[in-house]
Amino acid sequence: MSRSPRAEFDGELTNLQNEILVLGSMVEKAIAKSIEALRSRNIDHSREVIEEDDLIDNKQDEIEDKCIALIARQQPMATDLRQIVAFLHITVDLERMGDYAEGIGKIGLLMGEQPPLKPLIDIPRMCEIANDMLRRSLDALVKRDIAIANQVLKDDDQVDGLYDQVYRELVLLMVQDPKTIERATFLLWAAHDLERVADRATNIAEQVIYLVGGTRGHTKSSRY
Amino acid sequence: MPNNEAVLSVRDLSVYYGEFRAIKNISLSFQANKVTALIGPSGCGKSTLLRCLNRMNDLIPQAKVEGEVVYSQQDIYDPLVDPAQVRLHIGMVFQKPNPFPKSIFDNVAFGLKINGLTENIEDSVEKSLRSAALWDEVKDRLDESAMTLSGGQQQRLCIARTLAVEPEIILMDEPASALDPIGTLAIESLMRDLTERYTIVVVTHNMQQAARVSDETAFLMMDEDRAGYLVESGKTDNIFQNPQDERTEAYITGRFG
């Protein structure tokens, strides 16, 4: 049987998607590790997250180069075109999530050996939900499933709610004891980074909605 | 497609070559000062449809047309209509450049002369050659044979010849398929410029060309009896980024055809 004329192109599209999943997995691990390092005050791990961000950046470049080459060689149309455009957007979002992990790694270094302000509970919870949103947004991509993508959009409210809670709690601590201001601010930054990670996951979900349906899936603008 | 600016409308058009039905029940409107691309797999009736738009099919024995092609509120297939008059208003450019074995000047002046439009003929020739983006390349050699021009120049000469009689609509059947990439780009860029004054309908096999030059796209396919029919038409951006019919999607992404 002769090879279908699309066999090569389809193969390359599948490979690209697999590369994006690899990048997604690198980013997810970086985010989890950055928060775990912060919680357990493991400076070595914080430093590793910062260093490993280069790998994420390289992977992004690699995927973008492949997308551009595919556009140049195949001149894609319709779903093929939307797919590659979505891949490019998703890659940028993932790379930026990696930057947030790096940012949390730097906060880990800044906090250094200072005594913990309080046991971290809500921030690791935010991290879990944000990472879960990331995983499911990529799951929606693989399955081309708008329902999963829409659920990711909804879940952003949970992360926003937790961020509100963390914010109020930290402001209260700062008002009560100005000596906590520096450490509280560091934690607020970390929480803010996680809030952004969740936002980027909703971007990916929106790209899936665009890819599958050809229409934009923007949510109402969230508070952050 | 909205009907309000339509300069030409096809209504329930079917064409037969003897017993064979080449296209069936096509209804489609062409908007003024736009480029409309007709795309579809080989044999789907694109060229047949195009040739109906200025009664070129009259030249094929056994060709029979049903339905209407309305231009200026008149069915051009009305028995009272003179096909030569139709072709003055609706000109055609063919796949292979077909200049006459005459001088560059005479090629452009030809249509004017046979239609008795001999006043200011030099001005008309210059204007047409300028509109076809060929003037600067040929102004010093108007007496030379058209056969000395390159393929791309010959095709622009044929466009100038069509423009000389000042049609309103220009039909183009694969106008760049015999040209190299530079010649192709020149024709495509010319098509964009011509929409200022003309309405263009173009048949092309080149999907990227359709996407580049056209405002509207109509996609045709053929049924099991090999009769061509319209699948989907609309704004070119929509057809190529987000077609509504899965047959269109399959065709433009190369899954069949």
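Computed from a predicted structure; not experimentally measured. Every chain is numbered from 1, with letters handed out A, B, ... down the list of sequences.
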Side-chain donor or acceptor of B/Gln208 paired with backbone N/O of A/Gln75 under 3.5 Å: yes
Straight-line distance of B/Arg255 CZ to A/Phe9 CZ, nearest 0.5 Å: 8.0 Å
For B/Ala211 against A/Met77, the heavy-atom pair lying closest together: CB-CE, 3.8 Å
Set of residues satisfying salt bridge (charged side-chain N to carboxylate O under 4.0 Å, His left out) with respect to A/Glu128, sequence neighbours excluded: A/Arg125
Distance-minimising heavy-atom pair for B/Thr253 and A/Ala78: CG2-CB, 3.9 Å
Set of residues satisfying salt bridge (charged side-chain N to carboxylate O under 4.0 Å, His left out) with respect to A/Lys143, sequence neighbours excluded: A/Asp139
Within 6.0 angstrom of B/Arg226 CZ, more than 12 heavy atoms from elsewhere: no
Crowding at CD, B/Glu66 (>12 non-hydrogen neighbours, <6.0 Å): yes
